[in-house]
There are 2 protein chains.
Amino acid sequence: MDDIGANRPKTRIQRRNTEAILEAALEVFSSNGFRGSTLDQIARAAGLSKPNLLYYFPSKEAIHSELLNGLLDVWLDPLRAIDPAGEPRDEIMTYVRRKLEMSREMPRESRLFANEVLQGAPRITDVLSGGLKSLVDEKAAVIRDWIEAGRLARIDPYHLIFSIWAMTQHYADFEVQVRAILGPEHDAFAEAEVFLDRLFDRLLSPDP
Amino acid sequence: MDDIGANRPKTRIQRRNTEAILEAALEVFSSNGFRGSTLDQIARAAGLSKPNLLYYFPSKEAIHSELLNGLLDVWLDPLRAIDPAGEPRDEIMTYVRRKLEMSREMPRESRLFANEVLQGAPRITDVLSGGLKSLVDEKAAVIRDWIEAGRLARIDPYHLIFSIWAMTQHYADFEVQVRAILGPEHDAFAEAEVFLDRLFDRLLSPDP
DNA sequence: CATCGGCCTGACCATCCGGTCAGAAAAAGA
DNA sequence: TCTTTTTCTGACCGGATGGTCAGGCCGATG
């Protein structure tokens, strides 16, 4: 009886260990990529033995997959939260801020996805062109309607969303580069918030 | 006499093969990362045998390093080309367009760097905080002067540069995601050019 | 056309890595 | 306490992978 993944962890030990494994795996996968990470690294980081990892998860793939799918929901929450009934610019600015906050609070998760997508998203193509696409389509339609109503500047909703992703995730994914250039004394995220506020404010104001 | 890297390739065969190796390595490294790529893959892609690779390069690391350093110059050319004597908005818009064009024409190079930086830039930290930092500092100073002269909106030069990097490279590095959402019929890069033109035009116009 | 030096290869090696397994240790239950 | 179930481990396996080496090939030069 190997497979524990099917029925959710019940005992205290199971919950504690699966959690430790996923935490360790996030740390290791996000900074080395899937292929660049080893079970030994994860085991060491989790304070467990390698065979014990494989007692809780059937394979390295399974750990990675569990992480990725478990995080996708959280990751897309801010986008889901865009409210068609809200004030357009507030909604989008809130989205930007929440996304930037996630980059600051969850850089490892950001890098995990970045690694995956960079390498062709072999393990989540179905999610990208399935759930993600339809969510983005939905929100793009909302933005389009706002534009039609003259409440936002005329800009492409899809590329607006891409630009938000690009700029917010940049501060997590390329943190080393940002820090190398700004130096350690700067609070990159605080500065980014000011900058992005200004940028999107200017971008979204309706034409006169 | 193993090391050929020291003195530049002389014979026709050397030039042809080192070129084939670097081309193949770019293809393989950029889509699998350093750790995810094997010498066999590179050898196959280059049409050579594995020992023959190691006749031209002393190690896998050496191939990767050669690629990375060789490309850094090309990669930063557009930034270098920003002319303090030029018209500020033209200079920056030209930079954006050239950077986007590079993402379209050299997506593999973009992904190679992205992979490296994502994983903490272990092999190019010195370049980041050395040459790159000083180049960015220099150009940021130029932009600051333009702002002081009232020829650009008051925005942080460093984060302006980050935003250009983020948005242009996004279309290369996350191409799979972009394509999954837009579908194959869209020309993402053409749309991006229009979008970024508008975005930076609005961002940079001096306040009244 | 001979020969010499640059070019190339098959076979091999040591190590790493994901994964297995028999059974020990520990916890839970009776 | 005794038994059963869960948790854990050392030893091991097979395949992949980076790298080596002795020697064969082959093209340029005299």
Side-chain angles (χ1 to χ4, degrees), chain A residues 1-25 27-29 31-68 115 119 122-123, chain B residues 1-25 27-29 31-68 115 119 122-123:
Chain A
M1 222 143 292
D2 256 350
D3 203 6
I4 292 188
N7 39 345
R8 293 281 112 202
K10 291 171 296 197
T11 77
R12 225 157 304 162
I13 292 180
Q14 276 178 12
R15 197 178 305 274
R16 172 169 54 83
N17 283 348
T18 51
E19 213 157 297
I21 292 171
L22 289 175
E23 159 67 23
E27 184 69 28
V28 175
F29 280 140
S31 55
N32 303 108
F34 179 77
R35 198 81 192 311
S37 306
T38 73
L39 287 178
D40 284 289
Q41 282 178 307
I42 299 173
R44 206 176 317 125
L48 299 173
S49 70
K50 187 173 64 169
N52 204 12
L53 281 201
L54 296 161
Y55 172 71
Y56 288 101
F57 290 90
S59 69
K60 184 184 173 185
E61 272 274 345
I63 302 176
H64 189 256
S65 168
E66 174 94 1
L67 258 188
L68 220 46
N115 261 306
Q119 313 207 344
R123 284 167 264 272
Chain B
M1 222 145 290
D2 255 349
D3 203 5
I4 292 189
N7 40 346
R8 293 280 113 202
K10 291 171 294 197
T11 77
R12 225 159 304 162
I13 292 181
Q14 276 178 13
R15 196 178 306 272
R16 172 168 54 84
N17 283 349
T18 51
E19 214 157 294
I21 292 171
L22 289 175
E23 159 67 24
E27 184 70 27
V28 174
F29 280 140
S31 55
N32 303 107
F34 179 77
R35 197 83 192 310
S37 306
T38 72
L39 286 178
D40 285 289
Q41 282 177 306
I42 299 172
R44 207 176 315 126
L48 299 174
S49 70
K50 187 172 63 168
N52 204 12
L53 281 200
L54 295 162
Y55 172 72
Y56 289 101
F57 290 90
S59 69
K60 183 185 174 185
E61 272 274 344
I63 301 177
H64 189 256
S65 170
E66 173 94 2
L67 257 187
L68 221 45
N115 260 305
Q119 314 207 344
R123 284 167 264 270

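So you know, we letter chains A, B, ... as the sequences are listed, proteins then strands, and number each from 1. Scope of the values below: all heavy atoms of this structure, side chains included, with no hydrogens, waters or symmetry mates.
Residue Leu67(B) holds its CG atom at 9.5 Å from CD of Glu23(B), rounded to the nearest 0.5 Å.
With DNA chain D read from its 5' end, the first of the two nearest nucleotides for Leu39(B) and Asn17(A) is the one closest to Asn17(A). Along DNA chain D, the nucleotide closest to Pro51(A) and the one closest to Ile13(A) are compared, and the more 5′ of them pairs with Ile13(A).
Counting distance only, with no hydrogens placed and no angle test, the side-chain atoms of Lys50(A) and the base atoms of dG18(C) include a donor-acceptor pair under 3.5 Å.
Note on Arg35(A): only backbone sugar-phosphate atoms sit closer than 4.0 angstrom, heavy atoms only; bases stay farther off.
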_If a pair means Watson-Crick or G-U wobble with both distances below 3.5 Å, what does DNA chain D look like in dot-bracket form, with | marking bases paired to a different strand?_
||||||||||||||||||||||||||||||
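Listed nucleotides dT9(D), dG6(C), dT9(C) differ in distance to Tyr55(B); the shortest reach to its side chain belongs to dG6(C). For Lys60(B), counting side-chain heavy atoms from C-beta on, the closest listed nucleotide (dC8(D), dG18(D), dC8(C)) is dG18(D).
Contact between the side-chain N/O atoms of Gln14(B) and the OP1/OP2 oxygens of dG6(C) is not found at any separation under 4.0 Å. An OP1 or OP2 oxygen of dT9(C) is reached within less than 4.0 angstrom by a side-chain nitrogen or oxygen of Ser49(B). Within the structure, a side-chain polar atom (N or O) of Thr11(B) is placed less than 4.0 Å from OP1 or OP2 of dC7(C). Side-chain N/O atoms of Thr38(A) include none lying less than 4.0 angstrom from OP1 or OP2 on dC16(C).
By the 30° and 60° cut-offs, the orientation of the rings of His64(B) relative to Phe29(B) is perpendicular.
In this structure, Asn115(A) and Gln119(B) have side chains that are in contact, with non-hydrogen atoms separated by less than 4.5 Å.
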